[in-house]
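Residue numbers start at 1 and run along the sequence shown. Reckoned from all heavy atoms, side chains included, excluding hydrogens, waters and symmetry mates.
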Amino acid sequence: MALSVETESHIYHALRTASGAAAHLVALGFTIFVAVLARPGSSLFSWHPVLMSLAFSFLMTEALLVFSPESSLLRAFSRKARARCHWVLQLLALLCALLGLGLVILHKEQLGKAHLATRHGQAGLLAVLWAGLQCSGGVALLYPKLLPRWPLAKLKLYHATSGLVGYLLGSASLLLGMCSLWFTATVTGGAWYLAVLCPILTSLVIMNQVSNAYLYRKRIQP
């Protein structure tokens, strides 16, 4: 028997709510896992994986999900309040990423190692630079009068698309980091595969939630 349109809508809504809840838990759980693994403070390098996972796994995930109609933890708040929370989280993510990048550069300097010698390092640098540009672009949404010739709706679309690309770059950097000697020397077997699944899962959820949040906003606008 074919399901009614209303039933399919309820099922779809429930699945999106469940996937969003899973993304919240996975993003937090992965960050805690990396923190326990790295033991921040045990060495200069130990802060690098903690700050990067905090930036690209937890803070950015929460910053993007804040606009999701089903998964936002701030659904009861106004859009203006959620937008303010979004840019605060994004700014914190950028600061964590910059600090994590600076500390690993200092660490490599102390050991006399080459910089950007791995795919992980190259992807990480690109992700941090993209995050910086994305935050700069967000200023245009806070102050649209800076770009009077650009329609606000188009700026929001470009910003959302660019933000999604930046998030995927950050996730790629995390995935490549889990192929590093430091990570694979400690995490092996099934635990390694479970860790790898974390940024993959959150990326899939974010891609779905961001695109649907934009479509939802288009539907409710007069």
Do Thr61 and Thr202 have side-chain N/O donor and acceptor atoms under 3.5 Å apart? no
For the residue pair [X] and [Y], what are the closest heavy atoms and their distance?
X: Gly170; Y: Phe56; result: CA-CD2, 3.6 Å
X: Leu59; Y: Cys96; result: CD1-SG, 4.1 Å
X: Arg82; Y: Ser72; result: CD-OG, 4.0 Å
X: Ala97; Y: Val128; result: CB-CG2, 3.9 Å
X: Ala93; Y: Ala55; result: O-CB, 3.3 Å
X: Tyr167; Y: Ser57; result: OH-O, 4.4 Å

Heavy-atom donor-acceptor pair, [X] side chain to [Y] backbone, under 3.5 Å:
X: Ser71; Y: Ala21; answer: no
X: Gln134; Y: His159; answer: yes
X: Trp192; Y: Met178; answer: yes
X: His86; Y: Ala63; answer: yes
X: Trp182; Y: Pro49; answer: no
X: Thr184; Y: Ser180; answer: yes
X: His48; Y: Val104; answer: no
X: Ser46; Y: Ser43; answer: yes
X: His24; Y: Ser19; answer: no
X: Gln122; Y: Leu116; answer: yes

Working to the nearest 0.5 angstrom, can you tell me the gap between [X] [atom1] and [Y] [atom2]?
X: Arg16; Y: Glu70; atom1: CZ; atom2: CD; answer: 4.0 Å
X: His120; Y: Phe183; atom1: NE2; atom2: CZ; answer: 11.0 Å
X: Arg79; Y: Leu74; atom1: CZ; atom2: CG; answer: 12.5 Å
X: Leu142; Y: Trp87; atom1: CG; atom2: CH2; answer: 7.0 Å
X: Leu164; Y: Leu64; atom1: CG; atom2: CG; answer: 7.5 Å
X: Cys198; Y: Tyr193; atom1: SG; atom2: OH; answer: 15.0 Å

Who pairs with Glu62 by salt bridge (Lys or Arg N to Asp or Glu O under 4.0 Å), at least two apart in sequence or on another chain? none
Just one of Leu51, Leu125, Leu129 clears the side-chain contact (heavy atoms from CB on, under 4.5 Å) bar with Leu101, so which one? Leu125
Among Leu174, Leu175, Leu201, Val187, find the residue that satisfies the side-chain contact (heavy atoms from CB on, under 4.5 Å) test when tested with Val196. Leu175
What about [X] and [Y], same hydrophobic cluster or not, with Ile/Leu/Val/Met/Phe/Trp/Tyr joined at side-chain heavy-atom distances under 4.5 Å?
X: Val50; Y: Phe30; result: no
X: Trp130; Y: Leu94; result: no
X: Trp47; Y: Ile32; result: no
X: Leu106; Y: Leu99; result: yes

How about Leu181: does its CG atom have over 12 heavy atoms from other parts shown lying under 6.0 Å from it? no
